[in-house]
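Letters go in sequence order (proteins before strands), and every chain restarts at 1.
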There are 2 protein chains.
Amino acid sequence: MKQESAEDKTREFVDLCHEHGLKVTPQRVTIYREIITMDTHPTADAIYQIVKKEYPNISFDTVNRTLQTFADIGLVDVMEVFGGAKRFDPNVDDHHHLHCIRCGHVIDFFNRTYDELDVPEEIQEEFTVLGKRVVLKGICKACAA
Amino acid sequence: MKQESAEDKTREFVDLCHEHGLKVTPQRVTIYREIITMDTHPTADAIYQIVKKEYPNISFDTVNRTLQTFADIGLVDVMEVFGGAKRFDPNVDDHHHLHCIRCGHVIDFFNRTYDELDVPEEIQEEFTVLGKRVVLKGICKACAA
DNA sequence: GTGATTGCAAACCTTTTGCACGCCA
DNA sequence: TGGCGTGCAAAAGGTTTGCAATCAC
């Protein structure tokens, strides 16, 4: 979790685009700048609604396609959801999820022990593990009340 | 994992329906009998295609609504998916998932250590944990080849 | 200049809703 | 018999696709 200035972030973004042969368009920059400040798991439409304020002419398709592109280059994750619209996770650092089965919300949490979970030999033989996540299912405080 | 005869299973199902005030209809019995034999994570449509063979007049809606009903009474789980159609998990025992980011398939696996993972105090204070699952993200053997 | 990207529209897929009929309890 | 459950049809919601115009390199 290092602090970076907005310019650093933008430079990083430009580099990443070039690495993957992607053009740096104002639409992509705007979307990028919006999502990196989010700590929720927005749908494409939610991002579209926010980006539209700064860039009124942008189309939903551009936002949606850009998010797919960002997912392809590892800039965002596509989240596991339980029905409904696809959600994107701007936080690609190791983290875990609390999933409230009542309201459906997914809350991020961090836990070093879970990050360092051992993967059994027999699974590593059959499957190349790239990341791991613990999902806790239950009832959040708001819903319990 | 105890073995049970088909009649045992059906009796169990009838009991469960009565417990929840649900009527035992031939459609529900047929769907139930089909899904308990599955070890995959079918979509509603996949189940519809299979059930239709045995019960040609059944409608997709009935299958879909029945699956929701089954999910409500804990007979199946609604799976977390990464876009696309909702998937149902007929296996409600504790288990974990391998998620192949290339083909999108999700493979079940069982692991006692993961089942017994400790949940940190500070989370239990904020969140009533009902279940836990480890999701390993990576590349499956078929896709690696 | 040229190929990637955008914006628009239509198509597609899945899920949800409303309603009349039928069947289980 | 009463009310839940079913089947059909339409609507809604989200994603994908095709194409012409535009823009970054």
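- In this structure, the nucleotide among D:dC8, C:dC8, D:dA24 sitting nearest to the side chain of B:Arg65 is D:dC8.
- With D:dA24, C:dT6, D:dT6 as the candidates, the nucleotide lying closest to the side chain of A:Thr62 is C:dT6.
- The side chain of B:Lys23 sits closest to D:dC4 out of D:dT17, D:dT15, D:dC4.
- Look at A:Gln27 and you'll find a side-chain N or O under 4.0 angstrom from OP1 or OP2 of C:dG7.
- Distances from the side chain of B:Leu22 to the nucleotides D:dG5, D:dG7, C:dT14 place D:dG5 closest.
- Rounding to whole angstrom units, CZ of residue B:Phe82 and C1' of C:dT14 are separated by 19 Å.
- As judged by a 4.0 angstrom heavy-atom cut-off over every strand, B:Asn57 is placed among residues touching the sugar-phosphate backbone only.
- The 5' end of DNA chain C is approached more closely, in terms of each residue's nearest nucleotide, by B:Arg87 than by the other of B:His18 and B:Arg87.
- Heavy atoms from other residues, nucleotides or ligands lying under 6.0 Å from CD of B:Glu122 number more than 12.
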B:His96 and B:Asp115: CA distance, side-chain angles, deciding distance, side-chain hydrogen bond (donor to acceptor under 3.5 Å, both in side chains) verdict
CA-CA 8 Å; B:His96 307 278; B:Asp115 294 348; 2.7 Å; yes
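- Between the CG atom of B:Asp15 and the P atom of C:dA25 there is a distance of 13 Å, rounded to whole Å.
- The interatomic distance linking B:Leu67 (CG) with D:dG5 (C1') rounds to 15 Å, in whole Å.
- Ring-plane geometry between B:Phe13 and B:Tyr32 is classed as parallel, the angle between the planes falling under 30 degrees on a 0 to 90 degree scale with a further cut at 60.
- At the phosphate of C:dT16, OP1 or OP2 sits under 4.0 Å from a side-chain N or O atom of B:Gln68.
- Look at OH on A:Tyr55: it is 10 Å from C1' on D:dC23, rounded to the nearest Å.
- In this structure, B:Lys52 atom NZ and D:dT6 atom P are separated by 18 Å, rounded to whole Å.
- For the pair A:Asp61 CG and C:dA9 P, the interatomic distance rounds to 11 Å; values are reported in whole Å.
- Here the nucleotide nearest the side chain of A:Asn64, chosen from D:dT6, D:dT16, C:dT15, is D:dT16.
- Considering only side-chain atoms of A:Thr25, the nucleotide from D:dA24, C:dG7, D:dT6 that sits closest is D:dA24.
- Summarising the geometry, the separation between CZ on A:Phe60 and C1' on D:dG14 is reported as 7 Å, rounded to the nearest angstrom.
- A:Ile47 places its CD1 atom 14 Å from the C1' atom of D:dG14, with the value rounded to the nearest Å.
- For A:Lys86, counting side-chain heavy atoms from C-beta on, the closest listed nucleotide (C:dC24, D:dT16, C:dT15) is D:dT16.
- Among the protein residues, A:Arg28 comes within range of the sugar-phosphate backbone only, with heavy atoms under 4.0 Å from sugar or phosphate atoms but none that close to a base.
- Between B:Met38 and B:Ile50 the shortest side-chain heavy-atom distance falls below 4.5 Å.
- Taking the six-membered ring where the residue is Trp, B:Phe110 and B:His95 present tilted rings, their angle falling between 30° and 60°.
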